[in-house]
Amino acid sequence: MEEIDLKNIITDIIPASYTSGIKVDVLRLDKIHPFISGNKIFKLSKYIEEAKQLNKKTIATFGGAWSNHILATAAACQLNNFKSVGYIRGEEPLDFSFTLKEAQKTGMQLVFLPRDEYDNKKREINHTSKDVYIIPEGGYGSSGVEGAATISDYYSAKDYTHICCAAGTGTMTAGLLKRSLPHQQIISLSVLKNNLQLQEDIESLTSIDNKRLTIIHDYHFGGYAKHKKELINFMNTFYSQTSIPSDFVYTGKLFFGIMELLHKKFFPSNSKILLIHSGGLQGNLSLNNGTLIF
């Protein structure tokens, strides 16, 4: 993968109104690459390395019409001279999303699968493909965890008591937990409604003591890719105050949740908190023009 630009990658955002000595920083992984966005460049890195070692020519993966993972995989394959195939959940639309258009531009072959066939295809291709390297949906798996763990190379772990991130599959959470220090807590905000198996999914990816892991299910705003006016208003205000853009699927919910938890005194005094900006800003293009001010 290409070298990561570390310039101004950590931003201090703590509002002056908080007086208990709490520090809040954001690790701006959204600055790394426009399409291999945020945490995706890390989650994909080990898969790409393994595909090269196995001399594979094609990489295939799975996702929805607005999947950050689909677009990131397409771009990563183009950069590393792989052919790519994206199995897309749902019927082929008349008008492609920005994600699908950009994935096609980078050379990805798109295969649309009705929702009742999608899961069956994931099982089938994982068992029958010999010439194609398969990356699981969302990068979920041990290689994804290994790659996500290297996110910690881009901040000084000893400076923080809490590392916070949004979670879909839980792969990044598992990676952060794997590299965390004994004094640190990992706070993971699920963006899926009633995703109660997330703890089990993370535990299956790492053997690290999960007593240092807290999963919060209160800030999904109705479920995956769901949002409410309250969230959009917060994202616009947060941008006005910090100049940090967020997306309504992951990071908007993370920032909203952490700010509310700060108000509720969830964090002890003198906590040092790092929020992981996991990218995914391209998903905002699915909103109506003018919804966001950035």
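Each residue takes its place number in the sequence, starting with 1.
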Asks: Starting from Leu44, can I reach Ile59 by hopping between I/L/V/M/F/W/Y residues whose side chains sit under 4.5 Å apart?
Replies: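 Cluster IDs for Ile59 and Leu44 match.
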Asks: Are side-chain heavy atoms of Ile88 and Val111 found at a separation under 4.5 Å?
Replies: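 No, their side chains stay 4.5 Å or more apart.
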Asks: Quick check: closest heavy atoms across Gly283 and Ser286, and the distance to 0.1 Å?
Replies: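 Looking at all heavy atoms of both residues, the closest pair is O-OG, 2.8 Å.
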Asks: Quick one: pull up CD in Gln197 and CD in Glu200 and give me the separation to the nearest 0.5 Å.
Replies: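 Going from CD on Gln197 over to CD on Glu200, the span is 7.0 Å.
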Asks: Just so I know, are the side chains of Leu192 and His220 near enough to count as touching, which here means a heavy-atom distance under 4.5 Å?
Replies: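 They are not in contact (no side-chain heavy atoms under 4.5 Å apart), so the answer is no.
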Asks: Are Phe82 and Tyr47 an aromatic pair, judged by ring center distance below 6.0 Å?
Replies: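 No - the distance between ring centres of Tyr47 and Phe82 does not fall below the 6.0 Å cut-off.
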Asks: Hydrophobic cluster membership, with links at side-chain heavy-atom distances under 4.5 Å among I/L/V/M/F/W/Y: are Phe42 and Leu177 in one?
Replies: yes
Asks: Could you walk me through whether Gln185 and Thr214 satisfy the side chain to side chain contact (heavy atoms under 4.5 Å, CB included) test, starting with their C-alpha distance in whole Å, then the side-chain angles of each, then the deciding distance to 0.1 Å, before giving a yes or no?
Replies: CA-CA 7 Å; Gln185 293 290 316; Thr214 299; 4.2 Å; yes
Asks: Identify all side-chain donor-acceptor contacts of residues 287-294 below 3.5 Å with residues at least two apart in sequence or on another chain.
Replies:
unit_1	atom_1	unit_2	atom_2	d
Thr291	OG1	Asn288	O	2.7

Asks: With rounding to the nearest 0.5 Å, note down the distance linking CD1 in Ile273 to CD1 in Ile187.
Replies: 8.5 Å
Asks: Is a side-chain N or O of Thr251 found less than 3.5 angstrom from the main chain of His277, in a donor-acceptor match?
Replies: no
Asks: If I compare all heavy atoms of Ser246 with all of Leu281, which pair ends up nearest, and what's the gap?
Replies: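 Ser246 and Leu281 have their closest heavy atoms at C-CD2, 3.5 Å.
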Asks: I want to check something: taking the side chain as every heavy atom from C-beta on, are Asn236 and Ser240 in contact at a cut-off of under 4.5 Å?
Replies: no
Asks: Report the distance from atom OG of Ser84 to atom CD of Gln109, rounding to the nearest 0.5 Å.
Replies: 8.5 Å
Asks: Quick check for you: to the nearest 0.5 Å, what is the distance between Phe256 atom CZ and His227 atom NE2?
Replies: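 The CZ atom of Phe256 sits 13.5 Å away from the NE2 atom of His227.
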Asks: Run Tyr250 and Phe255 through ring-ring contact (aromatic ring centres under 6.0 Å, His included) and show every step you take.
Replies: CA-CA 9 Å; Tyr250 291 99; Phe255 298 153; over 10 Å; no
Asks: Going only through I, L, V, M, F, W and Y residues with side-chain contacts under 4.5 Å, is there a path from Ile70 to Ile32?
Replies: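 No, separate clusters.
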Asks: Using side chain to side chain contact (heavy atoms under 4.5 Å, CB included), reason through Tyr87 and Lys122 one step at a time and then give a plain yes or no.
Replies: CA-CA 9 Å; Tyr87 290 95; Lys122 284 197 293 184; over 6 Å; no
Asks: Taking all atoms of both residues into account, what is the closest heavy-atom pair of Pro245 and Arg28, and its distance?
Replies: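 Where Pro245 meets Arg28 most closely, the heavy atoms are CD-NH2, 3.6 Å.
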Asks: Just distance, no hydrogens or angles: give the donor-acceptor pairs under 3.5 Å from side chains in residues 160-171, sequence neighbours left out.
Replies:
unit_1	atom_1	unit_2	atom_2	d
Tyr160	OH	Asp25	OD2	2.6
Thr161	OG1	Lys272	N	3.0
Thr161	OG1	Lys272	O	3.1
Thr169	OG1	Thr171	N	3.3
Thr169	OG1	Thr171	OG1	2.7

Asks: Should Glu49 and Lys52 count as an ion pair when the cut-off is N to O under 4.0 Å?
Replies: no
Asks: Is the shortest side-chain heavy-atom distance between Arg115 and Arg89 below 4.5 Å?
Replies: yes
Asks: Any heavy-atom pair between the side chains of Lys229 and Ile232 that's under 4.5 Å?
Replies: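 No, side chains not in contact.
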Asks: May I ask you to decide if Leu29's main-chain N or O and Tyr154's side chain share a donor-acceptor pair within less than 3.5 Å?
Replies: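 No; zero donor-acceptor contacts below 3.5 Å.
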Asks: Assess whether a salt bridge exists between Lys253 and Asp247, defined as any Lys/Arg side-chain N lying under 4.0 Å from an Asp/Glu carboxylate O.
Replies: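 No salt bridge links Lys253 with Asp247.
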Asks: So do Lys56 and Val132 actually touch side chain to side chain, heavy atoms under 4.5 Å?
Replies: no
Asks: Would Phe98 and Glu102 count as a side chain to side chain contact (heavy atoms under 4.5 Å, CB included) if you check the C-alpha gap in whole Å, the side-chain angles of each, and the deciding distance to 0.1 Å?
Replies: CA-CA 6 Å; Phe98 172 85; Glu102 291 299 324; 3.4 Å; yes
Asks: Would you confirm whether Gln104, through its side chain, and Lys101, through its main-chain N or O, come within 3.5 Å as a donor-acceptor pair?
Replies: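 No; judged by distance alone, with no hydrogens or angles, the pair does not exist.
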Asks: For residues Leu231 and Ile216: do they belong to one hydrophobic cluster (side chain heavy atoms under 4.5 Å, members Ile, Leu, Val, Met, Phe, Trp, Tyr)?
Replies: yes
Asks: Is there a donor-acceptor pair under 3.5 Å between the side chain of Arg179 and the backbone N or O of Ala157?
Replies: no
Asks: Write down the atom of Phe238, the atom of Thr242, and the distance for their closest heavy-atom approach.
Replies: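 Residues Phe238 and Thr242, closest heavy atoms: O-OG1, 2.6 Å.
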Asks: Taking all atoms of both residues into account, what is the closest heavy-atom pair of Tyr155 and Leu176, and its distance?
Replies: OH-CD2, 3.9 Å
Asks: Trp66 versus Gln282: any side-chain heavy-atom pair under 4.5 Å?
Replies: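 When only atoms from C-beta onward are counted, Gln282 and Trp66 do touch, with a gap below 4.5 Å.
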Asks: Does the ring center of His69 lie less than 6.0 Å from the ring center of Phe62?
Replies: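 No: the rings miss the under 6.0 Å criterion.
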Asks: Are Thr61 and Tyr133 linked by a side-chain donor-acceptor pair shorter than 3.5 Å?
Replies: no
Asks: Can you tell me how far the OG atom of Ser45 sits from the CD atom of Glu146, to the nearest 0.5 Å?
Replies: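 Between Ser45 OG and Glu146 CD, I get 8.0 Å after rounding to 0.5 Å.
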Asks: Does this structure show an ion pair linking Glu50 with Lys46, if we count only N-O contacts that are shorter than 4.0 Å?
Replies: no
Asks: So, for Thr99 and Ser67, which heavy atoms are closest and what is the spacing to 0.1 Å?
Replies: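 Closest approach of Thr99 to Ser67, heavy atoms only: CG2-O, 3.3 Å.
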Asks: Classify the side-chain pair Tyr219/Glu260 by whether it contains a donor and acceptor separated by less than 3.5 Å.
Replies: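 There is such a pair (donor and acceptor under 3.5 Å, judged by atom type) between the side chains of Tyr219 and Glu260.
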Asks: Should the pair Asp131-Lys57 be classified as a salt bridge under the 4.0 Å nitrogen-to-oxygen rule?
Replies: no
Asks: Closer than 3.5 angstrom, by distance alone: can the side chain of Thr206 be matched with the main-chain N or O of Glu203 as a donor-acceptor pair?
Replies: no
Asks: Before you tell me yes or no, could you show the steps for Ile151 and Leu27 under side chain to side chain contact (heavy atoms under 4.5 Å, CB included), namely the whole-Å CA-CA distance, both residues' side-chain angles and the distance that decides it to 0.1 Å?
Replies: CA-CA 9 Å; Ile151 291 173; Leu27 182 66; 3.7 Å; yes
Asks: Could you check whether Phe234 and Phe221 have their ring centres less than 6.0 Å apart?
Replies: no
Asks: Counting only N and O atoms by type, is there a donor-acceptor contact under 3.5 Å from the side chain of Asp201 to the main-chain atoms of Leu196?
Replies: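 No: the side chain of Asp201 does not pair with the backbone of Leu196.
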Asks: With a 4.5 Å cut-off on side-chain heavy-atom distances among I, L, V, M, F, W and Y, is there a chain of contacts connecting Val249 to Leu71?
Replies: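 Val249 does not cluster with Leu71.
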Asks: Can you check whether Met172 reaches Ser278 side chain to side chain, under 4.5 Å on heavy atoms?
Replies: yes
Asks: Starting at NZ of Lys23, measure out to CG of Asp159 and round the result to the nearest 0.5 Å.
Replies: 8.5 Å
